[in-house]
Each structure stands twice: as structure tokens, then as C-alpha cells.
K.L.:
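If you scroll down you'll find the structure; I have some questions about it.
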Amino acid sequence: MAKKKQEGAIWFRMFRNIRNVVDAVPDASAGAALKAVFAYFDTGELPTNLDALGYALFLTIKPAVDESNEDYEKAVERGRKAISKRWMKEDTAGDTTCIHLDTEEETETKKEIDKNIYQETDPPLRSLPKALVAEMDFNERRERAIEKLRNYIA
């Protein structure tokens, strides 16, 4: 089963300086305020069932939730602009239309141009290490010696 895509921000900041306010509020009010913050984060509705201290704590945390939602909206807008810039172009009248994708012939032409620009070449040759050359010489001398021994009549 496919998961439903999350709408809106998925986190908010809670700064350390809020701790003094949380510590000053009784636990029951702090818990209710925290639940109200999460409800506000999900729905955007202000709580109606908090006492005065709980509501004060809620109002202390609320700006962090609002800032996270604003950051999310700005990120979504930047994404929309980037997509629009990448895939859309504006007419002189200000209407946006999709740009055409390259046809197969245009794609082939671009590939040919790339081949001419980036021609494939063989990698440069390196000289062999001296140890490998010495081993090759030894193997060649050994093979010649064995060949002479095979031809030697006993």
C-alpha cells in the first residue's frame, strides 16, 4: 500500500531558551500545551482548552512552528520556480508554455557534435616497470635455453 505524501513541514525548532518557561509551568499545563503545539502544527488551529500558564507556554513555542511552516512554503516556492525555469518558458504576453523536448534527429545531431568534441583516444602508453622488464628478459632467455636443449641431440 502506498504511503500518503506528507503535506507541509515535518518538523519545527524548539530552542533551549524555552526551557525556563517550560520549567516554570506545572507539568499538567506543560503537557497540555505541548499537545496543543502539535495540534497547531498539524492543523493550524489555535487551542481553546488551555489554562493561562499552558496558553502562555503555547504562545512561546508558536513562533517556532510558524517559522518552520514559512520555511517550508519558501522551499516549495523555490522548487516551483526551479521547475518552471527548467521546463517552462514565458511568452511575451507572460503566459507560460512547455518547452519542446528534442526530437530524435536533434538528439542524434547533438551526439554527433559530442563525438567530434570529445573524440575517443587511446590512453597514453607508459613504459613498463624495470622489475617487469627484467622478469620478461629472464623468461625469454629461459625459453631460448629450453628450445636449444630440445634441439640438442644426446
Side-chain angles (χ1 to χ4, degrees), residues 1-23 25 27 30-45 47 57-154:
M1 183 175 199
K3 290 183 179 180
K4 183 180 176 187
K5 185 177 177 183
Q6 177 74 29
E7 293 291 327
I10 58 172
W11 60 276
F12 64 91
R13 298 175 191 97
M14 190 175 303
F15 295 101
R16 186 177 288 179
N17 61 359
I18 296 174
R19 183 174 184 172
N20 293 334
V21 179
V22 172
D23 288 341
V25 174
D27 290 346
L34 187 60
K35 287 183 177 183
V37 166
F38 280 110
Y40 175 72
F41 183 63
D42 289 338
T43 63
E45 295 179 17
L57 179 59
F58 170 81
L59 291 177
T60 304
I61 300 172
K62 182 182 174 291
V65 174
D66 293 338
E67 183 181 353
S68 294
N69 287 331
E70 287 172 14
D71 289 347
Y72 174 78
E73 291 301 321
K74 287 177 186 176
V76 168
E77 187 58 32
R78 279 193 312 266
R80 282 190 189 120
K81 286 181 181 178
I83 289 171
S84 177
K85 185 177 181 181
R86 171 69 172 96
W87 293 106
M88 307 292 275
K89 64 178 180 180
E90 288 192 13
D91 293 345
T92 54
D95 297 332
T96 56
T97 57
C98 287
I99 60 172
H100 77 284
L101 298 176
D102 291 342
T103 63
E104 207 170 299
E105 294 169 358
E106 290 171 333
T107 303
E108 290 298 321
T109 305
K110 287 180 181 178
K111 286 181 182 177
E112 290 297 321
I113 291 171
D114 286 345
K115 281 183 185 177
N116 292 336
I117 293 173
Y118 306 108
Q119 294 178 358
E120 293 184 17
T121 59
D122 292 331
L125 296 177
R126 284 181 29 193
S127 60
L128 296 172
K130 290 181 180 179
L132 185 58
V133 171
E135 184 179 331
M136 288 171 56
D137 289 343
F138 172 77
N139 288 338
E140 287 177 16
R141 289 194 313 259
R142 188 173 136 247
E143 290 295 323
R144 279 186 270 162
I146 291 172
E147 192 64 35
K148 285 182 183 177
L149 288 174
R150 285 191 190 134
N151 294 334
Y152 183 72
I153 300 174

K.L.:
Considering the options Ile61, Leu59, Thr60, which one meets the side chain to side chain contact (heavy atoms under 4.5 Å, CB included) requirement together with Val21?
P.N.:
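That would be Thr60.
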
K.L.:
List the residues meeting side-chain hydrogen bond (donor to acceptor under 3.5 Å, both in side chains) with Asp66, not counting sequence neighbours, and say none if there are none.
P.N.:
Tyr40, Lys62

K.L.:
Once salt bridge (charged side-chain N to carboxylate O under 4.0 Å, His left out) is applied, do any residues pair with Arg16, and if so which ones, sequence neighbours excluded?
P.N.:
none

K.L.:
Counting only heavy atoms not in Asp27, do more than 12 fall under 6.0 Å of its CG?
P.N.:
no

K.L.:
For Ala36, which residues count as a side chain to side chain contact (heavy atoms under 4.5 Å, CB included) partner, sequence neighbours excluded?
P.N.:
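Expected list: Pro47, Leu50, Phe58.
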
K.L.:
Salt bridge (charged side-chain N to carboxylate O under 4.0 Å, His left out) with Arg80: which residues, sequence neighbours excluded?
P.N.:
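Partners of Arg80 under the salt bridge (charged side-chain N to carboxylate O under 4.0 Å, His left out) test: Glu77.
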
K.L.:
Just jot down the salt bridge (charged side-chain N to carboxylate O under 4.0 Å, His left out) partners of Arg150, sequence neighbours excluded, or say none.
P.N.:
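For Arg150 the salt bridge (charged side-chain N to carboxylate O under 4.0 Å, His left out) partners, ignoring immediate neighbours, are Glu147.
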
K.L.:
What are the two closest heavy atoms between Ala33 and Leu57, and how far apart are they?
P.N.:
CB-CD2, 3.7 Å

K.L.:
For Leu34, which residues count as a side chain to side chain contact (heavy atoms under 4.5 Å, CB included) partner, sequence neighbours excluded?
P.N.:
Met14, Phe38

